[in-house]
Undergrad: 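Just passing along the structure, written as structure tokens.
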Amino acid sequence: ASVSGAAAAEIVVRASVKNSAGRPQPLPLLRVTLQDRFGNRVAARDVPPGDYLPASVAPSSLLAAGSRVDATIVFVDPGPQAMGFEIDACLRQRSGGLACAHEGPYPPRMT
């Protein structure tokens with residue numbers, strides 16, 4: 001994450017999403033959490049593929065086995081208390097909830 005090169009009130013987060021599985025996988029929703037110096041949540045956003053993918057990649061496409069895609073996400077800077085961040089990959093479940101790599105299933109939540 002950086003503020004350099006971005007507008008004064010923005011934080012730019014860049015990540016790479018890689019499919020390490022042996023078969024194509026759906027593109028994940030990325031849960032980005034900005035944290036204070038103690039690791040407490042300052043702000044969070046669930047970012048669907050259409051909001052982080054380059055224009056050349058369809059958000060409904062599958063990520064081929066062994067391939068990766070780069071993501072760029074721009075946030076409004078919540079202020080100086082934001083010192084770090086965490087990214088989690090989540091997939092929508094048939095039940096309507098999400099299953100995230102680090103948190104497990106839970107009902108949908110947008111902040």
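Along the sequence shown, the residues carry numbers beginning at 1. This is a predicted model, so every value here is computed, not measured.
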Undergrad: Atom CD in Gln25, atom CG in Asn19: separation rounded to 0.5 Å?
TA: 5.0 Å

Undergrad: Mind checking the CG-CG spacing from Leu30 to Asp88? Nearest 0.5 Å is all I need.
TA: 9.0 Å

Undergrad: Hey, what do you get for CG (Leu98) to CZ (Arg31), rounding to the nearest 0.5 Å?
TA: 6.0 Å

Undergrad: Between Pro54 and Val69, is there a side-chain heavy-atom distance shorter than 4.5 Å?
TA: yes

Undergrad: Considering only heavy atoms from C-beta outward, does the side chain of Leu27 approach that of Leu62 to under 4.5 Å?
TA: no

Undergrad: Applying side-chain contact (heavy atoms from CB on, under 4.5 Å) to Glu10 and Val76, what does each step give before you reach the verdict?
TA: CA-CA 5 Å; Glu10 294 180 340; Val76 173; 5.9 Å; no

Undergrad: Given the rule that I, L, V, M, F, W and Y join up when any side-chain heavy atoms are under 4.5 Å apart, are Val42 and Ile87 in one cluster?
TA: no

Undergrad: Under the 3.5 angstrom rule, does the side chain of Gln35 hit a backbone N or O of Thr33 as a donor-acceptor pair?
TA: no

Undergrad: What pair of heavy atoms forms the shortest contact from Pro28 to Tyr52, and how long is it?
TA: O-OH, 2.6 Å

Undergrad: Just by distance, no angles: are the side chains of Ser16 and Asp70 close enough, under 3.5 Å, to form a donor-acceptor pair?
TA: yes

Undergrad: Can you see which heavy atom on Gly66 is nearest to which on Lys18, and at what distance?
TA: O-CE, 3.9 Å

Undergrad: To the nearest 0.5 Å, what is the distance between OG on Ser61 and CG on Leu53?
TA: 6.5 Å

Undergrad: Please assess Ile73 against Val12 for the test side-chain contact (heavy atoms from CB on, under 4.5 Å), listing each intermediate value before the final yes or no.
TA: CA-CA 6 Å; Ile73 306 161; Val12 178; over 6 Å; no

Undergrad: Nearest 0.5 Å please: distance from the CG atom of Asp46 over to the CG atom of Asp51.
TA: 11.0 Å

Undergrad: Once rounded to the nearest 0.5 Å, what's the spacing between atom CZ of Arg45 and atom CG of Leu34?
TA: 9.5 Å

Undergrad: Dump the intermediate steps for side-chain contact (heavy atoms from CB on, under 4.5 Å) on Val74 and Ile11, then the final yes or no.
TA: CA-CA 6 Å; Val74 179; Ile11 294 175; over 6 Å; no

